[in-house]
Amino acid sequence: MELCIQSDLMEKLAILTDAAKYDVACTSSGVDRKGKGHGMGNSVAAGICHSFAGDGRCISLLKILMTNHCIYNCTYCQNNCNNDLPRATFTPEEICTLVTQFYRRNYIEGLFLSSGIIESPNHTMELLFRTLYLLRTKYDFNGYIHVKAIPGADPRLVELIGCLADRMSINLELPTAESLRALAPCKSRKTILTPMRQIQNGIRLAKELPTHELAPRNTALPQVVRLASGDPHKKRFVPAGQSTQMIIGATPESDYQIIKVAESLYDRFELKRVFYSAFVNVTGNSALPTLPGGPPLLREHRLYQADWLLRFYHFQADELLCEERPDFNVWLDPKCDWALRHLEQFPVEINRAPYQTLLRVPGIGYLSARRIVAARRSNRLDFADLKKIGVVLKRALYFITCNGHTMYPIRMDEDYITRQLLSDQTQIPKEVRNAGYEQLSLFDTAFLGKHSLIS
């Protein structure tokens, strides 16, 4: 099967997919939207079938920049205006051609669209809006679309795009305002947080108002909202929520500072996700740190684990770290590390412990905790039952009892349990130990062996 795409467009695609590879904020759709009986595509909440590169980047979406031209000189960014590299810019029609042809051949399930800043934030956002408008109306594309908003753009443009996109995100870039001033002097915390707040308010408003009251006046947006949602009565504004991304390791913030920032973003802006991107010195700038071990992938992994504890396990950042202990233990996951520092709270009795207590036991996930609570209503559980439920006993056995007994004779001693936990090879995942930084793409050799992309 061949794609009828001109060679110059494929050259742009090669440049602009590579330029987008360090933006990691790709997720499953998080929104349900059925097809309308015509056009193409739909969106199912967990419907994006992910493929991942070695460092965790998602390739199930067509992930591209509209342009890698940029008027800014962010020190850490490979696309900054001072770098000498091949440049390219898609037109809105070209992106529509790529999305529709790739989608029809089941190469992708949606679009992740970001951009460098060409001419001005407003001009760039206008191009992004034109692209989404064409996809939703002219091409009847109902699939998932994630768009990166441009800080500093007119709020009206943010509103227009929000009525067409499933998810929007604005990169925080760096954990603190001081780091942002040092490495990205063209950006400010205010220009980033202002549209973030606007999107949050728009999402809230969409849940309260009818669709026809959601769109700005004197535009075609009421029609666009209905076309994009597939339901004239459905309220729609960034229905999959918003996310952000922080670069980890380019500046000296501790894990404690980073996780506190993430906790604040979840609380203040109701974000769906905060993504952490291990720093890679792609520019070779001497002002940036040289990390002898390469990108801090294990640190990134621990931050994601801690982030999961904040979102699903009701932990607070101050429980995981503090000023005196500002960084995560790279050898143990944050939940195990917390439990070892609070052995006075263990062991817990599986058949009596409240749900909130079960969530804090290493090896028990939030789904396993729910199953335990449900199963023990009719039966007293033992260790064999826990294994069937999905509890990771090689971690949990040091912190639980069943019917008053531990699985084996165990000393409730921090050094002893630490040694046992360190023998668990999954504490440092194989994917992290062996990760490389080559992004999987539509241009991989294995892919090209089966498909001809250029006619």
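If you read the sequence from its start, that first residue is 1, and numbering goes on from there. Computed from heavy atoms alone, side chains included, the values below leave out hydrogens, waters and symmetry copies.
Y256 is not listed as a side-chain neighbour of D327, based on a closest heavy-atom distance of 4.5 Å or more. Annotation: side chain of C402 is in contact with side chain of L386 (closest heavy-atom distance under 4.5 Å). Considering only heavy atoms from C-beta on, T251 stays 4.5 Å or farther from T176 through its side chain. Counting heavy atoms from C-beta on, the side chains of Y355 and Y366 come closer than 4.5 Å. Side-chain contact between V261 and L172 is present, with heavy atoms from C-beta onward closer than 4.5 Å. The shortest distance between side-chain heavy atoms of K148 and H146 falls below 4.5 Å. Side-chain contact between L393 and M407 is present, with at least one heavy-atom pair separated by less than 4.5 Å. Residues T124 and P121 have side chains not in contact (no heavy-atom distance under 4.5 Å, counting atoms from C-beta outward).
Side chain of N80 to main chain of C77: a donor-acceptor pair is present (N/O by atom type, distance under 3.5 Å, no hydrogens or angles). Panel note: side chain H301, backbone L297; no donor-acceptor pair is recorded below 3.5 Å. At distances below 3.5 Å, at least one donor-acceptor pair connects side-chain atoms of T17 with backbone N or O atoms of L13. Not one N or O on the side chain of T191 forms a donor-acceptor pair closer than 3.5 Å with the backbone of K187. At distances below 3.5 Å, at least one donor-acceptor pair connects side-chain atoms of T418 with backbone N or O atoms of E414.
In this structure, Y304 and R273 approach most closely via the heavy-atom pair CE2-NH2, 3.6 Å. For the residue pair I150 and M125, the shortest heavy atom distance occurs at N-SD, 3.5 Å. Scanning all heavy atoms of the two residues, the minimum distance from L164 to F129 falls at CD1-CE1, 3.5 Å. Shown here for S277 and Q245, the closest heavy-atom pair between the two residues is CB-NE2, 3.3 Å. Of all non-hydrogen atoms in E323 and P326, the two that sit nearest each other are O-CD, 3.8 Å. Scanning all heavy atoms of the two residues, the minimum distance from I259 to A317 falls at CG2-CB, 3.7 Å.
Outside the 6.0 Å centre-distance limit, the rings of Y76 and F279 are not counted as a close aromatic pair.
With respect to E253 and K260, no salt bridge is recorded, no charged nitrogen being found less than 4.0 Å from a carboxylate O. Residues D385 and R371 are not paired through a salt bridge, judged by the lack of any N-O separation under 4.0 Å between the basic side chain and the carboxylate. Contact check on D23 versus K63 returns no salt bridge, with no Lys/Arg side-chain nitrogen under 4.0 Å from an Asp/Glu carboxylate oxygen. With respect to R204 and E270, a salt bridge is recorded, a charged nitrogen being found less than 4.0 Å from a carboxylate O. Under a 4.0 Å N-O distance rule, the pair R302/D255 does not qualify as a salt bridge. Look at D166 and R136 and you find a salt bridge, because one of the NZ, NE, NH1 or NH2 atoms lies within 4.0 Å of a carboxylate O, short of that distance.
Here the straight-line distance linking atom CG of L113 with atom CG of L62 works out to 8.5 Å at 0.5 Å rounding. Note that OG1 of T357 is 14.5 Å distant from CZ of F399, once rounded to the nearest 0.5 Å. One distance of note links CG of L332 with CD1 of I417; it measures 11.0 Å at 0.5 Å rounding. The CD atom of E319 sits 11.5 Å away from atom NE2 of H314, with the distance rounded to the nearest 0.5 Å. The OH atom of Y144 sits 6.5 Å away from the CG atom of L61 when rounded to the nearest 0.5 Å. Atoms CD and OH, on Q356 and Y313 in that order, are 12.0 Å from each other to the nearest 0.5 Å.
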| field | Test log, rule side-chain hydrogen bond (donor to acceptor under 3.5 Å, both in side chains), inputs D307 and Y276 | value | CA-CA 10 Å; D307 186 274; Y276 309 92; 2.7 Å; yes

| Worked check of side chain to side chain contact (heavy atoms under 4.5 Å, CB included) between D333 and R395 | CA-CA 11 Å; D333 73 74; R395 297 182 197 175; 3.6 Å; yes

| request: List the steps, then state whether side-chain hydrogen bond (donor to acceptor under 3.5 Å, both in side chains) holds for N403 with N351. | output: CA-CA 7 Å; N403 303 307; N351 289 290; 3.3 Å; yes

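In the displayed structure, H405 atom NE2 is contacted under 6.0 Å by at most 12 heavy atoms of other residues, nucleotides or ligands.
Between the side chains of N79 and Y72, no donor-acceptor pair is found at a separation under 3.5 Å. In this model, no donor atom of one side chain and acceptor atom of the other lie less than 3.5 Å apart for S169 and Q242. Side-chain contact of Q78 with T283: a donor-acceptor pair under 3.5 Å is absent, judged by distance alone.
For the pair R197 and F269, the cation sits on the ring face: its NZ or CZ lies under 6.0 Å from the ring centre, inside 45° of the axis.
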